[in-house]
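To start, the structure itself, in structure tokens.
Treat the numbers as computed from the prediction; the structure is a model and nothing was measured. Heads up: numbering here begins at 1 and tracks the sequence.
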Amino acid sequence: MINIHSVESLGTFDGPGIRLVFFLQGCNFKCLYCSNPDMIEKKKVRALTSEEVLQMARNQRPFFGSKGGVTVSGGEPLLQARELIPIFKKLKAEGYHVCVDTNGAYISEAVKELMIYTDLVLLDIKQMDPDEHQRITGIKNRNTLQFAKYLQEIEKPTWIRYVLVPGYTDQDIHLHQLGDFVQGMHNVEKID
């Protein structure tokens, strides 16, 4: 079972095509500009079984077309990686395209296993400078950058997401650092 905050049908921003998006409850970051602050607290909201997730995906499948599918976002979905593994296995067995939208702050054996059943990672890099990252999120960016390198090692298709917020993430030097960091990462398909 996964602990979710909400579900969005017909999503068009969280991966390719039309998506069914599950927003999971709980996040390890406390971003100053968080777009989902009600999802930060790690509290029980609503639990869904793998069969409930599959049934929702089956109901939405006619809208997915050839590119759409299911995205798990948050909050931070990798906090529930172990619980997501059986769900992703079942989704993949039924031929769904599956995305994870993550801040990448966790690399565990469960996360590594989850990546086997993940088609695309939407990796949120909040800030390239470690001190600025900590000021913005409460945590340094070392784990996120290590996760990005891990995704490169396993050749996992990745979209880098970087939110431009005046005064927080819009400094030229940090944007150039981001460009230098992803340059040569052949698994990165695009930067949003």
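No chain of hydrophobic side-chain contacts below 4.5 Å, direct or via other Ile, Leu, Val, Met, Phe, Trp or Tyr residues, connects Val7 to Val21.
The CD atom of Gln127 sits 11.5 Å away from the NZ atom of Lys140 when rounded to the nearest 0.5 Å. If you take CD1 on Ile85 and CG on Leu114, they are separated by 6.0 Å, rounding to the nearest 0.5 Å. Leu178 CG to Asp129 CG: the interatomic distance, rounded to the nearest 0.5 Å, is 12.5 Å. Note that CG of Leu122 and CZ of Arg161 are 5.0 Å apart. Values are rounded to the nearest 0.5 Å.
Between the side chain of Asn3 and the backbone N or O of Lys43 there is at least one donor-acceptor pair closer than 3.5 Å. With hydrogens and angles ignored, the 3.5 Å screen pairs no side-chain donor or acceptor of Thr137 with any backbone N or O of Phe29. For Gln25 (side chain) and Asp38 (main-chain N/O), a donor-acceptor pair under 3.5 Å exists by modelled atom type. For the pair Asn36 (side chain) and Gly74 (backbone), a donor-acceptor distance under 3.5 Å is present.
Ring orientation note: the planes of Phe64 and Tyr96 are nearly perpendicular, at an angle over 60° on the 30°/60° scale.
For Glu51 and Arg58, the salt-bridge test passes: some basic side-chain N is under 4.0 Å from an acidic carboxylate O.
In this structure, Val165 and Asp170 have side chains that are not in contact, with every pair of non-hydrogen atoms separated by 4.5 Å or more. Looking at His174 and Tyr162, their side chains come closer than 4.5 Å, going by heavy atoms from C-beta outward. The side-chain heavy atoms of Glu132 and Lys126, taken from C-beta on, include no pair separated by under 4.5 Å. By the 4.5 Å heavy-atom criterion applied to side chains, Leu164 and Leu175 are counted as neighbours. When side chains are defined from C-beta on, Phe147 counts as touching Leu78, because their heavy atoms get closer than 4.5 Å.
Between the side chains of Glu76 and Asn103, a donor-acceptor pair is found at a separation under 3.5 Å. Counting only N and O atoms by type, the side chains of Lys90 and Ser50 include a donor and acceptor under 3.5 Å apart.
The environment of Tyr150 atom OH is dense: over 12 non-hydrogen atoms of other residues, nucleotides or ligands sit within 6.0 angstrom.
Val98 pairs with exactly one of Leu120, Leu91, Thr71, Ile87 by the side chain to side chain contact (heavy atoms under 4.5 Å, CB included) rule, that one being Leu91. Tested against Phe88, the residues Val53, Val72, Val70 include a single side chain to side chain contact (heavy atoms under 4.5 Å, CB included) partner, Val72.
Annotation: side chain to side chain donor-acceptor pair (under 3.5 Å) contacts of Lys92 (sequence neighbours excluded): Asp119.
Contact between Lys156 and Thr118 at its shortest, heavy atoms only, is NZ-O, 2.6 Å. Taking both residues in full, the closest heavy atoms of His133 and Ile139 are given as ND1-O, 2.5 Å, listed atom of the first, atom of the second, then distance.
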